[in-house]
Chemist: 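One structure, as structure tokens, below. Some questions next.
Chain identifiers are assigned alphabetically (A, B, ...) following the order of the sequence lines, protein sequences preceding nucleic acid strands; residue numbering begins at 1 within each chain.
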There are 2 protein chains.
Amino acid sequence: MRLSKKGEYAVRALVEIGFEAHLRPNSLIQISTVAERTNIPEKFLEQILLALRNGGVLKSRRGVEGGYALAKPPEEINLGEVVRLLDGPLAPIPCVSATAYEPCTCPDEESCGLRIAMKQVRDAICAILDNYKLDRLISEVQKRRASKTTAWQFDI
Amino acid sequence: MRLSKKGEYAVRALVEIGFEAHLRPNSLIQISTVAERTNIPEKFLEQILLALRNGGVLKSRRGVEGGYALAKPPEEINLGEVVRLLDGPLAPIPCVSATAYEPCTCPDEESCGLRIAMKQVRDAICAILDNYKLDRLISEVQKRRASKTTAWQFDI
DNA sequence: CGATAGTCGATCATTTCAATCGACTTTGCA
DNA sequence: TGCAAAGTCGATTGAAATGATCGACTATCG
């Protein structure tokens, strides 16, 4: 039931890019900067950001002063979308996928026990990720980062 | 976020074995029979049943009239246990796994957005699978199989 | 023109997955 | 005792996915 590195890096990078957008609206951030800050191999990250761009989540500009930015406001980007873009369907098995259904090899899909259970798992995963908007995630992150720095700031 | 074939086959086979136990208590069922009924490659199924046996979910007897049966009552077998046995941890990423934690490459685990979101996913998956007992699953299956056959039986 | 930065396709090594093979052991029964 | 049925076990295989890297190309700005 693992998320791939691509899916993992995509979310981590997106949080960083969204964070930057929050600090400096209308700015662009470079692949190399994102790679540094997130600890993601730069060349690999390149592929991932490109996929996010082609999927309409990011926009980019080439050349000097170029870089990436969110293609839409963070409240319109949800994690389900992002993970699907890089990892494919969220469903644990294809016969319970709403977005990429494929039949199973079991004798009868209607009464298949595995399917009954995995349908519930799929629904639970989708309920979380399809409703997790980037703005909410970023504010969660911000809250935690803030409580780290202020911890010693007030401790004079 | 896929379940492997092993995990898939394990649950399907277990439902079949549990079903048999319900119909004929104290009986053993052969690999070949399970393979036929569930449409699972026999030699592959062999590996899986062996793992379930070594994991304490099934018991077996060799030789003539040998076969497999549940090692404990179906209300003591949960799907989380079964899936972990064949597929490893349920968590989407190792840094949110309770049973197999491993650190991440992100700069700060505490404030990592990916981790915040995936923790929730992990909890949701575990809440479902660790509480899904085999007896409940089997009765769900039975209900659906029954409604299939009686559909025409009453339709005289 | 030249530096910067994204784009794109190809390639690669490793691991995982799904499955199969063959030899072996245990068991029950004739 | 010997044979057939059935589980056990280790090795191997082929294919695919994964994670990553390389190098050439293109757009943009000053």
Chemist: Whether the A/Thr105 and B/Arg12 side chains hold a donor-acceptor pair (N or O, under 3.5 Å, no angle test) is what I'd like checked.
Modeler: yes
Chemist: Which pairs, with at least one residue in residues 49-59 of chain B and sequence neighbours excluded, count as a side-chain hydrogen bond (donor to acceptor under 3.5 Å, both in side chains)?
Modeler: B/Arg53-B/Ser60
Chemist: Compare all side-chain heavy atoms of B/Leu114 with those of A/Val15 and state whether any distance is below 4.5 angstrom.
Modeler: no
Chemist: Tell me the salt bridge (Lys or Arg N to Asp or Glu O under 4.0 Å) pairs involving residues 118-127 of chain A, sequence neighbours left out?
Modeler: A/Lys119-A/Asp123
Chemist: For B/Leu58 and D/dG7, give me the distance from atom CG to atom P, rounded to whole Å.
Modeler: 11 Å
Chemist: Can you list, in residue-number order, the parts of residues 95-107 of chain B that come under 4.0 Å of DNA chain D, counting heavy atoms only?
Modeler: none
Chemist: Mark up nucleotides 19-30 of chain C, 5' to 3', with B wherever a protein heavy atom is under 4.0 angstrom from a base atom, S wherever such an atom reaches only the sugar-phosphate, and - elsewhere.
Modeler: BBBB--BBBB--
Chemist: Can you measure A/Leu50 atom CG to C/dA5 atom C1' for me and round it to whole angstrom units?
Modeler: 13 Å
Chemist: Decide whether a cation-pi geometry holds between B/Arg145 and B/Phe19; the criteria are a distance under 6.0 Å from NZ or CZ to the six-membered ring centre and an angle within 45° of the ring axis.
Modeler: yes
Chemist: If you fit an axis to the five pairs at each end of the helix from C/dC1-D/dG30 to C/dA30-D/dT1, how big is the angle between those two axes, to 10 degrees?
Modeler: 10°
Chemist: Could you state the atom-to-atom distance from CE of A/Met1 to C1' of C/dC17 in whole Å?
Modeler: 17 Å
Chemist: CD1 of A/Ile48 versus C1' of D/dA20: gap in Å, rounded?
Modeler: 10 Å
Chemist: Any residue in residues 29-39 of chain A with a heavy atom nearer than 4.0 angstrom to DNA chain C? Just list them by number, or reply none.
Modeler: A/Ile29, A/Gln30, A/Ile31
Chemist: Do B/Arg115 and B/Met118 have side chains that approach each other closer than 4.5 Å (heavy atoms only, starting at C-beta)?
Modeler: no
Chemist: Does A/Ser4 make a side-chain N or O approach to OP1 or OP2 of D/dA17 shorter than 4.0 Å?
Modeler: no
Chemist: Nearest whole Å is fine: how far is C/dG6 P from A/Leu49 CG?
Modeler: 8 Å
Chemist: Round to a whole Å and report the spacing from CG of B/Leu86 to P of C/dT16.
Modeler: 16 Å
Chemist: Considering just the side-chain nitrogens and oxygens of B/Arg2, establish if one lies under 4.0 Å of OP1 or OP2 belonging to D/dA17.
Modeler: no
Chemist: Regarding A/Ser4 and A/Asp87, is there a side-chain donor-to-acceptor distance under 3.5 Å anywhere?
Modeler: yes
